[in-house]
Amino acid sequence: MTEEDSVKRKVKQVEGDINEAENVRNRVNKGAWTAEEDQKLAEVIAIHGAKRWKTIAAKAGLNRCGKSCRLRWLNYLRPNIKRGNISDQEEDLILRLHKLLGNRWSLIAGRLPGRTDNEIKNYWNSHLSKKMNQHSEKESDILKRKGCKRKVDTELREEETSQEFESSSNLEFDVDNLFDFSNEGPDLEWMSKFL
DNA sequence: AACAACCTCAACCGCATCAGA
DNA sequence: GTCTGATGCGGTTGAGGTTGT
């Protein structure tokens, strides 16, 4: 694609965004969903399937944009959604997958049945990122003081905490299944080969 | 009791990519 | 090959709840 094409595309996208923004200002509902909206959306999806979100929004008589309907369905209304209480095993899985994949939340979520990318992203940002920071701080602290002949009690305790963190990661799960990326498309084939 | 600070999570936004005409 | 609308993704925001002072 030439630079000119890319500029044209950009302009179109901006125009589209402006239109969407105007729509939003004029008529589209925003903010928290009501039980009534949820029900309407679920009914329409049951009939027409979870695709053509703009049409679904219109058919349901919701003053919502398609994007909003899609998000609501995927993160809240979809069947088999697990809510709350991420288990230790799930947390461990998230930590490992994040180490491997980075912030590719949808891929990570794909390995955690019933969990959404949004939920995992939120959980990471509110719980795990802090935990990781604390963990790495402890590690660097110990490294700094490695010259000391004797470890003081507190340092030992910190090491124990660190070991607890590591050992809590030794929960059981199907590694082969977890790290089988063969169905994720060509961009992750390298990972399958690598593993 | 009142207020501020902090935390959580649902929802929105902007952009990239896909798919069909 | 190009255009355009639809979809998917990750980052960000903000309302509401909780905790601390």
Side-chain angles (χ1 to χ4, degrees), chain A residues 1-42 44-45 47-60 62-88 90-91 93-135 181 183-191:
Chain A
M1 194 187 279
T2 67
E3 201 174 332
E4 192 184 352
D5 288 338
S6 133
V7 171
K8 272 186 193 169
R9 182 166 271 265
K10 195 84 184 170
V11 169
K12 283 282 173 196
Q13 181 115 43
V14 169
E15 283 171 359
D17 288 346
I18 289 169
N19 285 337
E20 200 171 318
E22 279 174 358
N23 287 340
V24 164
R25 210 172 29 245
N26 292 339
R27 58 185 170 77
V28 177
N29 231 355
K30 287 170 83 174
W33 281 67
T34 65
E36 196 187 347
E37 284 178 310
D38 282 346
Q39 198 188 338
K40 282 181 183 172
L41 180 62
V44 173
I45 289 171
I47 296 165
H48 297 95
K51 53 188 174 183
R52 313 281 297 180
W53 292 105
K54 225 173 188 175
T55 316
I56 284 173
K59 282 195 193 303
L62 298 169
N63 293 329
R64 297 272 183 180
C65 65
K67 263 186 177 182
S68 179
C69 292
R70 175 184 164 270
L71 207 67
R72 185 64 179 170
W73 172 255
L74 291 178
N75 289 337
Y76 196 83
L77 298 174
R78 192 163 50 107
N80 306 323
I81 291 251
K82 274 191 211 165
R83 306 204 65 75
N85 292 345
I86 302 257
S87 66
D88 289 347
E90 285 175 313
E91 185 179 304
L93 215 50
I94 295 168
L95 286 166
R96 283 163 181 264
L97 286 167
H98 187 271
K99 205 169 181 180
L100 199 64
L101 301 168
N103 295 357
R104 301 186 72 175
W105 307 115
S106 62
L107 276 177
I108 295 173
R111 304 283 142 191
L112 288 149
R115 300 294 183 186
T116 68
D117 53 355
N118 209 31
E119 191 178 13
I120 289 167
K121 181 171 57 183
N122 282 333
Y123 188 72
W124 178 269
N125 288 334
S126 57
H127 297 87
L128 300 182
S129 59
K130 278 181 217 155
K131 205 168 180 174
M132 292 300 281
N133 282 343
Q134 282 170 5
H135 183 61
F181 291 92
N183 296 325
E184 304 287 358
D187 64 325
L188 285 175
E189 268 175 22
W190 65 269
M191 196 179 286

Would you indicate which nucleotide in B/dC13, C/dT12, B/dT8 comes nearest to any side-chain atom of A/N125?
C/dT12
Over 60° means perpendicular and under 30° means parallel, so classify the ring planes of A/W124 and A/W105, tilted if in between.
tilted
Which nucleotide in the set C/dT7, C/dG10, B/dC12 lies at the smallest distance from any side-chain heavy atom of A/K30?
B/dC12
Calculate the interatomic distance between A/K82 atom NZ and B/dC9 atom C1'; express it in whole Å.
18 Å
Between B/dC15 atom C1' and A/K67 atom NZ, what is the distance in whole Å?
8 Å
Name the nucleic acid region contacted by A/R52, choosing base, sugar-phosphate or nothing; use a 4.0 angstrom heavy-atom cut-off, strictly under.
sugar-phosphate
Applying a 4.0 Å non-hydrogen cut-off, can you work out what A/G66 is touching in the nucleic acid: base, sugar-phosphate, or nothing?
nothing
For A/Y76, run the side chain to side chain contact (heavy atoms under 4.5 Å, CB included) check against A/L71, A/I81, A/N118, A/D38 and tell me which one passes.
A/D38
Separation of atom CH2 in A/W105 from atom P in B/dA16, rounded to whole Å
20 Å
Side chain of A/W33 only, heavy atoms from C-beta on: which candidate in B/dC15, B/dC12, C/dG11 is closest?
B/dC12
Among C/dG8, C/dT12, B/dT8, which is the nearest nucleotide to the side chain of A/N122?
C/dT12
Selected nucleotide, minimal atom distance to A/H127 side chain, candidates C/dT7, B/dT8, B/dA11:
B/dT8
What integer distance in Å separates A/L71:CG from C/dG10:C1'?
12 Å
Would you say a side-chain N or O of A/S106 is under 4.0 Å from OP1 or OP2 of C/dC9?
yes
Check this one for me: any side-chain N or O of A/R104 less than 4.0 Å away from OP1 or OP2 of C/dC9?
no
Would you mind reading off the distance between A/N118 atom CG and C/dT13 atom C1', rounded to a whole angstrom?
12 Å
Does A/N75 contact B/dA11 through a side-chain donor or acceptor facing the base, at a distance under 3.5 Å?
no
Under 3.5 Å, is there an N or O donor on one side and an acceptor on the other linking the side chain of A/K121 and the base of C/dG11?
yes
Kindly point out which of C/dG11, B/dA11, C/dC9 is positioned nearest to the side chain of A/N103?
C/dG11
Round to a whole Å and report the spacing from NZ of A/K54 to P of C/dT7.
10 Å
A/R70 side chain near C/dG8 phosphate (N/O to OP1/OP2, under 4.0 Å):
yes
Decide yes or no for A/L41 and A/R72: does some side-chain heavy atom of the first lie under 4.5 Å from some side-chain heavy atom of the second?
yes
What's the CD1-C1' distance between A/I120 and B/dC9, to the nearest Å?
14 Å
Is any side-chain heavy atom of A/T116 closer than 4.5 Å to a side-chain heavy atom of A/R78?
yes
Nearest-Å distance for atom pair CH2/P, residues A/W53 and C/dG8:
8 Å
For the NZ atom on A/K82, are there more than 12 heavy atoms of other groups (residues, nucleotides or ligands in this structure) within a distance under 6.0 Å?
yes
Evaluation steps, side-chain contact (heavy atoms from CB on, under 4.5 Å), between A/I47 and A/K59
CA-CA 10 Å; A/I47 296 165; A/K59 282 195 193 303; over 6 Å; no
